[in-house]
2 protein chains.
Amino acid sequence: MKGIAILGSTGSIGRQTLDILRAFPQHFRLVGLAGWTNLSLLKQQADQFRPELVSYQGIDPKAPSHLLGHSAPTTLEAMVCHPSVEVVVMAIAGPSCLLPTLQALQAGKTVALASKEAMVMAGPVIARMVGKGATLLPVDSEPSAIWQCLQGEPPKDIARLILTASGGPFRGRPAEELASVTAGEALKHPTWSMGKKITIDSATLMNKALEVMESRWMFNVPWEGIEVVLHPQSIVHSLVEFRDGSVKAQLGLPDMRLPLQYALFYPQRVDNPSLERLDITRLGSLDFLPLDTGRYPCFTLGLEAAKAGGTYPAALCAADDIAVGLFLAGRLGFMEIPTLIQRVLDEHTSGNGDSVEDILAAESWARRRAQELAMVNI
Amino acid sequence: MKGIAILGSTGSIGRQTLDILRAFPQHFRLVGLAGWTNLSLLKQQADQFRPELVSYQGIDPKAPSHLLGHSAPTTLEAMVCHPSVEVVVMAIAGPSCLLPTLQALQAGKTVALASKEAMVMAGPVIARMVGKGATLLPVDSEPSAIWQCLQGEPPKDIARLILTASGGPFRGRPAEELASVTAGEALKHPTWSMGKKITIDSATLMNKALEVMESRWMFNVPWEGIEVVLHPQSIVHSLVEFRDGSVKAQLGLPDMRLPLQYALFYPQRVDNPSLERLDITRLGSLDFLPLDTGRYPCFTLGLEAAKAGGTYPAALCAADDIAVGLFLAGRLGFMEIPTLIQRVLDEHTSGNGDSVEDILAAESWARRRAQELAMVNI
């Protein structure tokens, strides 16, 4: 039985991870559960699974014991380093995923990474740890698709990674209407059911820029070897072009439980009757269109920060986190998200992207600065 | 340098194999060339490549020496068994591919198989040889796609193979018009440029039934684990569904040189600047539709013969070969192709499908009987 810790268990990915564990009780033992603010759900989960360890509010070890059932309260660091934990499912939304990811890798744990921000902020640091033997498995559907396409293919044969993007809920909307869209509209993703932060990032396509960064470091492919194609149906999750021109794609229904299960069981594939299956003979049309980057300033901003390197990606993540939060609270317009991020990045003085201290300092500076700039404008 | 023999060098696959050899003169040495009746092209090829061995008209060793340049005339059997030959590219159209395929495998050569009839007629025999260590590599685009999708995936994880079919030139044509279509119309394949026999087999979808049989034996997947989907654009060459529901597809422009090159270089992939590349960002729409088998009686006939087993598949291949020849000569209507094959199969008494003698006897009987039946009717 693999010992599992889920960080971010009350979010969308966390809940779906528990679905997989429920389907395969004989394969996994849930050792740790970490939530953030949804204490009632965390308590339900703890009551059902009775993990040894529970953590909430990130780093507060003083959990009221009546909320935690039979589990011992602990810190995230203690949880990811616990000897019974073999795989850490990292599903904390936003930049807070970085430290526990690094701690888990350092402790020799396998990290199943749903939280792409860790890779975005500290790509070179994590890539170096993986180069020295740490195990990081993708969970997000696009890098999971690439990973699956790369099975049995040597990395030197990669010519291009092609990430698919649904284009979000506003793909067909005239650009001049985007300034006035509401959070309610932006949260209606056409194909995926996900958490709020990532759904807004999907509407701005910031999410796709973050995936480009994640893929660049996860698969060690240069920027110019990664492309994005619009694919509104979200059936082809990504593609790899090999040096001979042959292309492989991975397809499936838009259901995160499939890539989650793949990471948890890797290198095995298992049948899970509770997952609906894609029927190729009834697919109908799959569309592939060039991305009009002019419509998606967050995508361009994200790639610029990525290529600038240093601590720009960390500042980007923090500024985006604040901007999306303000948009969800109705305090920022949809097209003000990129404006605010741009202003933070313009003011940023990059630190050393190889230094975790510098990355965390940039993240914290950008978070504060984004809040200040938004206050002035509101 | 890999020593190569090409059987069927003057046909479409043979000529494209020579294109690959021309592009990589430092990797391959052409040891043998075998043509059938196109002596002038065979001579040109022999003059350019100067192989040690040449064969034409299948088994006639007494080739006029002035046609053969510097090469020694030989039989197909001697060619495929020659010590300098490492890989045999089997591209003889129709049932004549069987014997030299078996001889090459017996002699320990790698066979890159474009001629699916060998596998159709003697699937269990060849599968047994492969089980004992013989090496057979697919060249046809659909099984090559499956083979590529299976890299790094254990065979036990296959849930389904999904072969794509363009539907041929008559996909949108009303069924009642099919009786009067001409060979000229049937030869206009919408996406692939191929030899005449296989182009007609693509119009009747007999070719797809033959591919189901080829895949069944090549990948050891039961009949119910193989499906066909209509995909008019011929960009997705086939797909594999794995036991967890994840699906992988291989994509490329409809150009046989890509799967040919993959087989010749396997397990390496190499860049070939002379091959045009698929641009995913400009794909537009890819359609996937259920196959209306009622429109394609040859497809149903083929699968019935396949499942009946024994020497039915050999009889089917022979009857189809004769029927297509008569259709191309204007002596049989398009919808009389399945009628003639059906009559031959109805009369066939199956032999032992594990015996090469029985297979060859069935092939020869069905060929003669198809001719007789056609004579009576014409």
Side-chain angles (χ1 to χ4, degrees), chain A residues 144-145 148-154 156-160 162 164 227-231 235-239 241-253 255 257-259 261-262 265 267-273 275-291, chain B residues 144-145 148-154 156-160 162 164 227-231 235-239 241-253 255 257-259 261-262 265 267-273 275-291:
Chain A
S144 175
Q148 293 183 54
C149 289
L150 290 177
Q151 295 301 309
E153 305 279 357
K156 71 172 174 53
D157 285 347
I158 300 173
R160 277 199 305 177
I162 302 131
T164 54
E227 278 202 61
V228 173
V229 61
L230 272 189
H231 169 49
I235 294 293
V236 174
H237 296 310
S238 279
L239 311 93
E241 179 185 324
F242 295 96
R243 69 157 68 199
D244 59 357
S246 181
V247 173
K248 279 198 218 174
Q250 188 266 339
L251 295 79
L253 292 173
D255 184 336
R257 290 173 299 175
L258 183 53
Q261 178 181 302
Y262 185 71
F265 275 99
Q268 282 194 292
R269 290 186 184 272
V270 294
D271 187 12
N272 182 349
L275 299 190
E276 199 190 335
R277 283 183 176 242
L278 181 68
D279 183 353
I280 301 292
T281 62
R282 298 180 193 280
L283 266 185
S285 279
L286 298 180
D287 300 309
F288 299 87
L289 309 159
L291 180 66
Chain B
S144 175
Q148 292 184 53
C149 289
L150 289 177
Q151 294 302 310
E153 306 278 357
K156 71 172 174 56
D157 284 348
I158 300 174
R160 280 198 304 176
I162 302 130
T164 54
E227 279 202 61
V228 173
V229 61
L230 273 188
H231 169 50
I235 294 293
V236 174
H237 296 310
S238 280
L239 312 92
E241 179 186 322
F242 295 95
R243 67 158 68 199
D244 59 356
S246 182
V247 174
K248 279 197 218 175
Q250 188 266 337
L251 296 79
L253 292 173
D255 184 336
R257 291 174 297 174
L258 182 53
Q261 178 181 302
Y262 185 71
F265 275 99
Q268 282 195 292
R269 291 186 183 272
V270 293
D271 187 12
N272 182 349
L275 299 190
E276 197 190 336
R277 285 185 174 239
L278 180 67
D279 183 353
I280 301 291
T281 63
R282 299 184 191 277
L283 267 184
S285 278
L286 298 180
D287 300 309
F288 298 87
L289 308 160
L291 180 67

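In what follows, every chain begins at residue 1, and chains take the letters A, B, ... in the order their sequences are listed. Fair warning: this is a prediction, and the values are worked out from it, not measured in the lab.
- Counting only distance, with no hydrogens or angles, the side chain of Lys248(A) and the backbone of Ala249(B) share no donor-acceptor pair below 3.5 Å.
- For a residue to count as touching a neighbouring chain, one of its non-hydrogen atoms must lie under 4.5 Å from one of that chain's; by this rule Gln250(A) touches chain B with backbone and side chain alike.
- No side-chain heavy atom of Gln151(B) sits under 4.5 Å from any side-chain heavy atom of Gln151(A).
- Looking only at heavy-atom pairs under 4.5 Å with chain B, the residue among Leu258(A), Thr281(A), Val229(A), Leu291(A) that has the most is Thr281(A).
- Of the two parts of Ile280(B), the backbone and the side chain both hold a non-hydrogen atom closer than 4.5 Å to a non-hydrogen atom of chain A.
- Looking at heavy atoms from C-beta onward, Arg269(B) lies out of side-chain contact with Lys156(A) at the 4.5 angstrom threshold.
- Taken to the nearest 0.5 Å, the CD atom of Gln268(B) stands 7.5 Å off from the CG atom of Asp157(A).
- Using a 4.5 Å cut-off between heavy atoms, Gln148(B) contacts chain A through both its backbone and its side chain.
- When heavy atoms are compared at a cutoff of 4.5 Å, Gln261(B) approaches chain A solely by way of its side chain, counted from C-beta outward.
- Heavy atoms closer than 4.5 Å to chain A are found in the side chain of Glu241(B), but not in its backbone.
- With a 4.5 Å cut-off on non-hydrogen atoms, Ala145(B) does not touch chain A at all.
- Annotation: side chain of Asp244(B) is not in contact with side chain of Asp271(A) (no heavy-atom distance under 4.5 Å).
- In terms of heavy-atom pairs under 4.5 angstrom with chain A, the leader among Leu283(B), Val236(B), Leu286(B), Ile235(B) is Leu286(B).
- Closest approach of Arg277(B) to Phe242(A), counting heavy atoms only: NH1-O, 3.4 Å.
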